[in-house]
Amino acid sequence: MGALESLKEFSFLRWLREGRQSRKLILLIVFIALMLDNMLLTVVVPIIPSYLYALQHQSPAENPVASPEVISPTRFQKIYSYYDNLTMETGKDGERGENEHNATQPAVVNATTAPGSNSSCLKDKDLLNENVEVGLLFASKATVQLVTNPFIGPLTNRVGYQLPMFAGFIIMFISTVMFAFSKTYVLLFIARALQGVGSSCSSVAGMGMLASVYTDDEERGNAMGIALGGMALGVLVGPPFGSVMFEFVGKTTPFLFLAALALLDGALQLFVLQPSKPQPESQKGSSLFTLLRDPYILVAAGAICFANMGIAMMEPALPIWMMETMCSPKWQLGVAFVPASVSYLIGTYIFGILAHKIGRWLCSLLGMIIVGISFIFVPFAKNIYGLIVPNFGVGFAIGMVDSSLMPIMGYLVDLRHVSVYGNVYAIADVAFCMGFALGPSTGGAIAETIGFPWLMAIIGIIDILYAPLCFFLRSPPAKEEKMAILMNQNCPVKTKMYTTQDYFHKASMIDDEEESRSDE
């Protein structure tokens, strides 16, 4: 028995050692981390507008003599009657609403007679003004992440990727628990902002880690396509999961579920990454300012920013527009994003593989055009079914752009700078966050001022106009070619379209030739 137990222990230790060196386990960790981050990012989309509206309309001053049944067990009874007007038959509440809300009561009465018409939807001033408040709360995460990213990139060069990755898990767990139990706008705002710090650690360290362990360009593209699939899965599951759980269970439960998943991811990180001591890079990478002066990196970062800015504008504005024009019940507010999430998952998987073969620059260019056209057609929907096709196009096109440009960022560093990836993926994450910071904050104000249709038209036209810039990513010059041009202007150097695999193969052949000559 003792020999059998020692054999099992030896097998377990060997499996543990092999697992820590496995690139697939590292990919799994990054996949789970991005999925949880984006589930938390999107699970609040259908919850926050309804919850904030309920908080504003459940104050004691407004309803001083209400019975405990109305306040406590069915906390969202009144807000549900606003969003789903077919259920607005409440006896005493209806009589009190007639006296206290004369401006909105006629709309409710009409709703019972004409449930399908746009004129029957609630035109509440508070509901329309909520665009700005919800937009600022949604944008707080991306704004904090935007500020944090420039510090996380250089930090990964000094201490490695493991410690920032684990720190991201801890911060994400705290943020999730805060979301579960926060009952004021300020605490929700803090929880959302705290998520930005954790997300910055996870995304920058995770993508940099993948770029460092997958050195071949084709393998790197496939791995990042899978990792972005985790992001897509989080975006896919988040809104419907949040809306259904909020409707039937309450606000706290979905966040506690995410906190439990975060604990599992943290245990996996402890097991595989062992984030106990710093593991700095062997060589000093290019600085953020050096990379920001590279025009090719700026073009790729700009495409990431503008492609994601539109969906960031839709997140706070689309649910409110649906409540205003479609009389949508709460469960539809999250389900409306399902086509975009499914197609994003499909797009990242397909073009993570195909983009290497047909040209990543071409995939990103076509993706920008398709996403712009899709945004323009979103406001033409008359009901939730009309949102399926344009939202599917939005998600699929953004998947094309992200899965093409994320590997390009690593490829540009290999080709033109030092192959250390923390800073370049900090720039990529900054671009992503700029879209999600400017999108909700400006989108909510624009939607309130000129309307949701014009908001979608503006961002759609911007994406279409930006698309031709992706052509410059077709054949970026390598660093050696650039040096040759600077040293000898008469040298007839022609720019070739490399893949990273071919580039490293040629470089190794040149090194072998030099070594053989020196031996001779």
Side-chain angles (χ1 to χ4, degrees), residues 145-157 200 203-212 214-215 217 220-221 224 227-228 281 283-309 355-356 359-365 367-368 398 400-438 463 466-483 485-486 495-500 503-504:
Q145 191 172 348
L146 182 67
V147 174
T148 309
N149 279 331
F151 299 98
I152 301 299
L155 181 66
T156 59
N157 294 342
S200 177
S203 56
V204 173
M207 299 305 284
M209 192 184 304
L210 287 182
S212 65
Y214 288 93
T215 55
D217 185 55
R220 181 186 293 166
M224 289 189 174
L228 290 173
E281 292 284 349
Q283 54 184 341
K284 185 178 180 182
S286 302
S287 67
L288 275 172
F289 298 104
T290 301
L291 297 178
L292 285 172
R293 288 196 294 267
D294 190 321
Y296 299 95
I297 290 178
L298 290 180
V299 168
I304 293 172
C305 175
F306 287 115
N308 288 278
M309 186 181 292
H356 176 77
R360 293 197 172 105
W361 69 274
L362 181 60
C363 292
S364 57
L365 189 150
M368 292 293 289
I398 295 177
M400 291 176 66
V401 174
D402 287 352
S403 61
S404 301
L405 292 180
M406 283 297 184
I408 280 181
M409 299 295 272
Y411 167 63
L412 288 172
V413 168
D414 287 333
L415 200 64
R416 300 169 56 79
H417 303 279
V418 181
S419 297
V420 176
Y421 307 99
N423 284 336
V424 75
Y425 284 107
I427 292 174
D429 208 42
V430 164
F432 184 83
C433 294
M434 282 187 68
F436 274 87
L438 296 176
D463 285 341
Y466 191 90
L469 292 178
C470 295
F471 180 80
F472 291 103
L473 299 175
R474 178 176 180 270
S475 181
K479 185 168 63 174
E480 284 77 10
E481 295 172 348
K482 181 180 177 182
M483 293 299 296
I485 293 172
L486 291 174
T495 301
K496 297 182 180 179
M497 188 173 178
Y498 290 104
T499 64
T500 308
Y503 178 73
F504 284 129

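Using a 4.5 Å heavy-atom threshold, the side chains of Tyr421 and Thr156 count as separate. Here the side chains of Met368 and Leu469 are not in contact, with every heavy-atom distance at 4.5 Å or above. Put simply, the side chain of Leu298 reaches to within 4.5 Å of the side chain of Leu292, judged on heavy atoms. Residues Leu412 and Val424 are not in side-chain contact: their nearest non-hydrogen atoms beyond the backbone lie 4.5 Å or more apart.
Shown here is Met309, whose CE atom has more than 12 heavy atoms of other residues, nucleotides or ligands within 6.0 Å. Counting non-hydrogen atoms of neighbouring residues, nucleotides and ligands closer than 6.0 angstrom, the OH atom of Tyr296 exceeds 12 such neighbours.
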Could you give the side-chain donor-acceptor pairs of residues 403-410 under 3.5 Å, partners two or more places apart or in another chain?
{"from": "Ser403", "atom 1": "OG", "to": "Gly399", "atom 2": "O", "distance (Å)": "2.6"}
{"from": "Ser403", "atom 1": "OG", "to": "Met400", "atom 2": "O", "distance (Å)": "3.4"}
{"from": "Ser404", "atom 1": "OG", "to": "Met400", "atom 2": "O", "distance (Å)": "2.7"}

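At distances below 3.5 Å, at least one donor-acceptor pair connects side-chain atoms of Arg416 with backbone N or O atoms of Pro477. Under a 3.5 Å cut-off, the side chain of Arg360 and the backbone N or O of Ala355 do not form any donor-acceptor pair. Of the possible polar contacts, none joining the Asp429 side chain to the Tyr425 backbone as a donor-acceptor pair under 3.5 Å is found.
Scanning all heavy atoms of the two residues, the minimum distance from Ser364 to Val401 falls at O-CG2, 3.9 Å. In terms of heavy atoms, Pro476 sits closest to Leu415 at O-CD2, 3.5 Å. When every heavy atom of Asp463 is checked against every heavy atom of Ala307, the shortest pair comes out as OD1-N, 3.9 Å. Across every non-hydrogen atom of Leu146 and Pro150, the tightest pair is O-CD, 3.2 Å. Across all their heavy atoms, Arg220 and Tyr214 have their closest contact at NE-O, 3.0 Å. Taking each heavy atom of Asn423 and Leu288 in turn, the nearest pair found is O-CD2, 3.6 Å.
Taking the six-membered ring where the residue is Trp, Trp361 and Phe471 present perpendicular rings, their angle passing 60° and hence far from 30°.
Partners of Phe472 according to the ring-ring contact (aromatic ring centres under 6.0 Å, His included) rule, which considers only residues two or more places apart in sequence or in another chain, do not exist here. In this structure Asn308 satisfies the side-chain hydrogen bond (donor to acceptor under 3.5 Å, both in side chains) test together with Asp402, sequence neighbours excluded.
Rounding to the nearest 0.5 Å gives a distance of 6.0 Å between CG of Asn149 and OG of Ser203. Note: Leu210 CG to Leu228 CG = 9.0 Å, rounded to the nearest 0.5 Å. A distance of 12.0 Å separates CD1 of Ile398 from CD1 of Ile304, quoted to the nearest 0.5 Å. Here the CG atom belonging to Asp294 is positioned 3.5 Å from the NE2 atom belonging to His417, to the nearest 0.5 angstrom.
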